[in-house]
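Have a look at the structure below, then the notes.
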Amino acid sequence: MQQEILEILRTNSRISDEELAVMLDTDVESVKAVIKDMEAKGIITGYKTLIDWEKANQSVVTAFIEVRVTPQRGRGFDKVAERIYQYPQVKACSLMSGGFDLFVVVEGKDMKEVALFVAEKLATIESVLSTSTHFVLKNYKDNGVIFDRNGKDEREAVVL
Amino acid sequence: MRIKDRIKPHILATPPSGIRKYFDLINEMKDAISLGIGEPDFETPWIIREEGIYSLEKGKTFYSSNAGFIELRREIAAYMARKYNLHYDPAEEILVTVGGSEAIDIALRTFAGPGDEVIIPEPSFVAYKGCAMFCGATPVPLELKDEHQFRIQPEQLEQCITDRTTVIIIAYPNNPTGAIMEYEDYARIVEVLKDKDIIVISDELYAELNYKGKHVSIAQFPEMKDKTIVINGFSKAFAMTGWRIGFACGHPDAMEQMKKIHQYAVMCSPTTAQFAAIEALRNGEPEVRRMVDEYDKRRRVMHDGFNKLGLSCFEPFGAFYCFPCIRSTGLSSDEFCEKLLIEEKVLTVPGNAFGACGEGFVRATYATSIENIREALARIGRFVERVRK
């Protein structure tokens, strides 16, 4: 049941425990218990909302930043990653294989704010060798959700 | 000359579908929720669509052989064996058709004619009766009952059979009731049918949408296989309604004659759809599972919802329909659907559109989003409460 609950919550975290119970043909208490358990174990780490900020008329600028760093003796990349992910502007931070080391997602209210953050905070960290910043111009699909679908039911009336 | 005077009486006598008028109403409404459309709300999975596009890009725009590409028929044979343990020779026993609908039409034209009787368990998909009448045959309704979960009972079947019966239609998982038939249910009616010279047309378009164990086909019974035409397709299972592609499987002698009608009427089924269908059978399985799992969750929400509103509804284990009883409201099916549409903007289809014995029920499909189902149930709840006062 854990897996099934996760599958549903992943696409709709606002669903009620009651509705989950009906969908999975079980009782509300069991659903509550499984979710509580997953929260306690850190399997579920939070509940968020996917927002198309453009439609909300709020400007949010997102940048994907490739960061090359010098790994530190005995700590590898973890230490420098920790310094980076503490910033609230950093929405995601991952260690990568390939031509660079850390992949950092930064959000700000405009390009200037993001650029300043990169120049003043990120690039100045001691073990950071270089950064390469890519601004997101348009989101087509995020977290499995395709944006700009009109959502209209295009099925025509047919006799069946 | 009046055109109408020249139209054949048996065509005029065939009633149009009773579903239509509600659709005209809903088209004019804002914020209406349709639980009326018997069609998946999913788009065809991308891997399948892409294969159709690719075939066009490569200029594959010619006819296929009349029976369909042999490559596709081989995939169908493998699929039928793998999923339903039914074994057909791709060369002689499989015919690719323009949707399941064409297969129903040509099967009936092959086995029913003037003076013949065709047993149609009702409530039923509206085309069987019409197609039987176009052949000049007489449709004989077998009235399925709520208390039997709308499964065919051997005694009922026995009563419907006469010397003139040539065909019986069996359609499970069922539109409009959502009913299924399990192995034991079939075993009992096979006892009635096995020694009779009656052809079974088994419409199994919804076979993949079975939420209780594995789909059973009457053709799995060895004594029935040769006299059963199994009809299946891609519309419901793979969400490919607009592609118009299905297939029929059966004895080579039957297929040969059905192929003749198919050949003269439509040549072959659309080849873009055939290429896409090959991909569907080869790699579409995970997508089917994803859709079936989603339907199953919606099914539970809708079934639970109707029962909570006091519109008693047996648990439908197949297709994507609930068929709740609305007698407790004191309204007829037609009144219920019309009032519900006008007052709360929710479209359902009156049960009697699928045969007289569907009176007292409505068909609601859960081939729509959970949000729509939730909102529709809330509106139906308000409506029912008002009506009962």
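Just so it is clear: chains get the letters A, B, ... in the order the sequence lines come, proteins before strands, and each one is counted from 1. Not measured: the values here are computed from a predicted model.
Identified by a heavy-atom distance below 4.5 Å to chain B, contributing residues of residues 126-138 of chain A are lacking entirely. Contact annotation for residues 366-378 of chain B against chain A (heavy-atom separation below 4.5 Å, listed by residue number): B:A367, B:T368, B:I370, B:E371, B:R374.
Top candidate by heavy-atom pairs under 4.5 Å with chain A, chosen from B:E43, B:R298, B:R299, is B:E43.
When heavy atoms are compared at a cutoff of 4.5 Å, A:L20 does not approach chain B at all.
Among residues two or more places apart in sequence or in another chain, the side chain to side chain contact (heavy atoms under 4.5 Å, CB included) test is passed with A:S16 by A:E18, A:E19. Checked against side chain to side chain donor-acceptor pair (under 3.5 Å), B:N232 has no partners two or more places apart in sequence or in another chain.
Atoms CE and CZ, on A:M23 and B:R300 in that order, are 10.0 Å from each other to the nearest 0.5 Å. The line from CG of A:D25 to CD of B:E315 is 7.0 Å long, rounded to the nearest 0.5 Å.
Within 6.0 Å of CE in A:M111 there are 12 or fewer heavy atoms belonging to other residues, nucleotides or ligands. Heavy-atom neighbours of A:K79 NZ from other residues, nucleotides or ligands within 6.0 Å: at or below the threshold of 12. By the neighbour-count criterion of 12 heavy atoms within 6.0 Å, atom CZ of B:R379 is densely surrounded, having more than that number from other residues, nucleotides or ligands. For B:K345, the NZ atom is densely surrounded, since the number of other residues' heavy atoms within 6.0 Å is greater than 12. At most 12 non-hydrogen atoms from other residues, nucleotides or ligands lie less than 6.0 angstrom from CZ of A:R68.
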